Amino acid sequence: MYNSKEKVIKFSIILPTYNRANLISKAIESVINQTFQNWELIIVDDGSTDNTKEVVETFVKANNSIIYLYQNNKERSAARNNGIQNSIGDFICFLDSDDIFHKTHLEEFYKLIVKNSFIKGLYISGVSYIKDSTQKEDYDLSHSNNFEFVLLNTISTPRGCVHNSILKKNLFNENIRIGEDMELWMRILNNHPLFYHRNKTVVQIEHPQRSVNLGSEKEHLTTLKGILKDHKNDIKSRHRFSSLSNAYFNISKSHIKNKSPLIAIYYTILSLLINLRNNQTRHKLLLLLSMLNLYSIKVKNEYKDS
C-alpha cells in the first residue's frame with residue numbers, strides 16, 4: 001500500500017469503448033478495486049449501438065468518480081483524445097474495455113513516479129494474461145535508447161501512464177487506427193524521459209472478438225514504416241530490419257488463417273530476406289517448407305482433377 005503521508009497525485013483513467021457491454025463491467029470493476037484510490041475514470045462511448053450506456057450508468061450512479069461521455073463513432077484514438085481533454089488528473093492512464101487492471105496497477109505506477117521524483121514523462125507497466133502482478137515482465141533490453149525500447153517491446157496503450165500536461169500537447173493521431181500507441185509513445189519520447197517497472201499489472205483478456213485480422217496487420221506495417229522513417233537516426237539498422245521482418249511475418253500468418261497459402265509464402269520469404277539473422281528464422285523456414293509442401297500437394301490434386 002502506498003504511504004498516505006507522501007505527496008498524493010490523482011490518476012485519470014481513460015476507457016474508450018464500442019459495443020462491449022458484455023465485457024466492460026469487469027474493466028470498470030478492476031478500477032474500482034484499485035489499492036490506490038485517488039482516481040477518476042472517464043468512459044468514452046464511441047457510438048455504441050448495444051446497451052453499453054445502461055451498463056455504465058449503473059456504475060456512474062454508484063460512484064461519482066466515474067464519468068460517462070458519449071460521442072458519435074470516430075474510432076478509439078478520437079475517443080481517447082476526448083477523455084484526455086476532459087481529464088483533471090495529474091497523470092493519465094488508459095484501459096481498454098476488454099482488459100482489466102490488477103488491483104495494484106495504480107499503486108505500482110505511483111511508486112514508480114515517486115521513485116523518479118514525480119518527473120513528467122512516459123511510465124510503462126508490464127502485461128500478462130493471468131491475474132498475477134508478482135510476475136516480472138521479460139523486456140527485450142537490447143536497446144540503446146528509449147525509441148528502441150518502445151520498438152522492441154510491444155507497449156499497448158493500457159500499459160502507459162503519462163503526465164497530463166504532456167498528453168494535452170501530444171494527442172493520439174486520429175488518422176492512425178493500428179499502432180497509434182507506438183506512434184504516440186515515440187512522439188512523446190522526442191522531448192520526455194521513459195521509466196518502467198517490471199510487475200505485470202495489466203491483464204489482457206483473450207476473447208473471440210479480439211482476433212487480429214489481415215487488415216490490421218497491414219495497417220500496423222504502414223504505421224511501423226512511418227515510425228522508422230521519422231526515427232531513422234534513432235534506431236539501429238538491426239532493430240529496423242527485425243521489426244519489419246516480424247511485421248511481414250505477422251501478415252503471412254494472417255494469410256495462413258485466411259487460407260491463402262501462396263500469398264503467405266510470399267510474405268514469409270519477404271520476412272526472411274529482410275532479416276535472416278533472427279531468433280525466429282528456424283521457425284519461419286520450417287513453416288515455409290510446410291506451406292510449400294502443402295501447396296505442391298494442392299496443385300497436384302488440382303491437376304489430377306482437371
Side-chain angles (χ1 to χ4, degrees), residues 1-3 6 8-16 26-42 76 80 83-84 87 89-141 143 145-164 166-167 170 172 179-189 192-206 210:
M1 181 69 70
Y2 66 93
N3 185 348
E6 292 177 335
V8 176
I9 61 176
K10 187 183 185 82
F11 289 100
S12 293
I13 300 127
I14 312 299
L15 196 166
K26 289 184 178 180
I28 297 171
E29 287 166 0
S30 77
V31 175
I32 293 171
N33 294 330
Q34 289 295 297
T35 54
F36 188 102
Q37 279 290 306
N38 198 24
W39 52 262
E40 65 169 356
L41 172 61
I42 302 176
R76 59 192 178 191
R80 291 187 184 118
I84 291 167
S87 65
D90 302 287
F91 282 83
I92 298 175
C93 297
F94 300 95
L95 180 60
D96 291 338
S97 52
D98 50 357
D99 293 330
I100 63 172
F101 287 157
H102 187 274
K103 64 181 180 180
T104 60
H105 181 75
L106 295 181
E107 182 182 342
E108 291 294 342
F109 267 137
Y110 179 72
K111 289 177 181 177
L112 187 62
I113 292 166
V114 169
K115 180 181 177 181
N116 290 284
S117 305
F118 301 89
I119 293 174
K120 298 177 181 180
L122 168 62
Y123 292 79
I124 301 297
S125 72
V127 64
S128 70
Y129 299 93
I130 57 174
K131 302 175 186 179
D132 186 355
S133 66
T134 62
Q135 293 186 14
K136 303 300 180 182
E137 178 67 66
D138 296 323
Y139 292 110
D140 182 335
L141 298 178
H143 63 287
N145 58 52
N146 289 336
F147 297 107
E148 291 183 348
F149 178 88
V150 169
L151 180 69
L152 295 171
N153 298 281
T154 304
I155 311 298
S156 58
T157 311
R159 299 177 61 182
C161 181
V162 189
H163 194 273
N164 190 307
I166 296 174
L167 279 174
N170 295 274
F172 284 91
E180 75 283 357
D181 39 18
M182 183 188 294
E183 191 276 337
L184 176 62
W185 305 152
M186 291 286 193
R187 214 169 349 115
I188 287 172
L189 293 177
H192 302 282
L194 177 146
F195 308 98
Y196 62 88
H197 68 68
R198 294 178 177 272
N199 289 344
K200 297 183 177 183
T201 61
V202 176
V203 185
Q204 184 171 307
I205 307 297
E206 290 301 309
R210 189 167 209 140

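Keep in mind that what you see is a predicted model, and the values were worked out from it rather than measured.
Leu194 places a side-chain heavy atom less than 4.5 Å from the side chain of Val150. Taking 4.5 Å as the limit, every side-chain heavy atom of Leu184 sits out of range of all side-chain heavy atoms of Thr157. Between Ile92 and Val162, every side-chain heavy-atom pair lies at or beyond the 4.5 Å cut-off. Looking only at side-chain heavy atoms (C-beta outward), Met182 and Ile155 stay at 4.5 Å or farther from each other. The side-chain heavy atoms of Met186 and Leu151, taken from C-beta on, include a pair separated by under 4.5 Å. Contact check for Asn170 versus Trp185: no side-chain heavy atoms found under the 4.5 Å cut-off. For the pair Tyr196/Asn153, no side-chain contact is recorded, criterion being any heavy-atom separation below 4.5 Å from C-beta on. Between Leu106 and Ile13, the closest side-chain pair of non-hydrogen atoms falls below 4.5 Å.
Note on ring orientation: taking the six-membered ring where Trp is involved, the planes of Phe149 and Tyr139 are tilted (angle from 30° to 60°).
Between the side chains of Thr201 and Glu108, no donor-acceptor pair is found at a separation under 3.5 Å.
With rounding to the nearest 0.5 Å, the separation of NE2 in His197 from CD1 in Ile124 is 9.0 Å. Going from atom OH of Tyr123 over to atom NE2 of His163 covers 9.0 Å, rounded to the nearest 0.5 Å. If you take CG on Asp140 and CD on Glu148, they are separated by 10.0 Å, rounding to the nearest 0.5 Å. To the nearest 0.5 Å, atoms NE2 (His192) and CD1 (Ile166) are separated by 4.0 Å. With rounding to the nearest 0.5 angstrom, the CD1 atom of Ile14 is 8.0 Å from the CG atom of Leu41. Residue Glu137 holds its CD atom at 5.5 Å from NZ of Lys200, rounded to the nearest 0.5 Å.
Considering all non-hydrogen atoms of both residues, Pro158 and Asp99 come closest at CG-OD2, 4.0 Å. Across all non-hydrogen atoms, the minimal contact from Glu107 to Thr35 is OE1-OG1, 2.5 Å. Of all the heavy atoms in Leu95 and Pro16, the pair that sits closest is O-CD, 3.4 Å. The two residues Glu40 and Ser87 have their closest heavy-atom pair at OE2-CA, 3.3 Å. Here the closest non-hydrogen pair linking Asp181 and Ser156 is OD2-CA, 3.5 Å.
Aromatic ring centres of Phe109 and Phe91 lie farther apart than the 6.0 Å criterion allows. In summary, the aromatic rings of Phe94 and Phe172 are positioned with their centroids under 6.0 Å apart.
One N or O on the side chain of Gln37 and one on the backbone of Ile32 form a donor-acceptor pair closer than 3.5 Å. Using a distance-only test at 3.5 Å, with no hydrogens or angles considered, no donor-acceptor pair links the side chain of Asn164 to the main chain of Asp90. Between the side chain of Gln34 and the backbone N or O of His102, at least one donor-acceptor pair lies under 3.5 Å.
Atom NZ of Lys103 has 12 or fewer heavy atoms from other residues, nucleotides or ligands within 6.0 Å. Heavy-atom neighbours of Lys115 NZ from other residues, nucleotides or ligands within 6.0 Å: at or below the threshold of 12.
Here Arg80 pairs with Asp96 in a salt bridge; the nearest charged N to carboxylate O distance falls below 4.0 Å.
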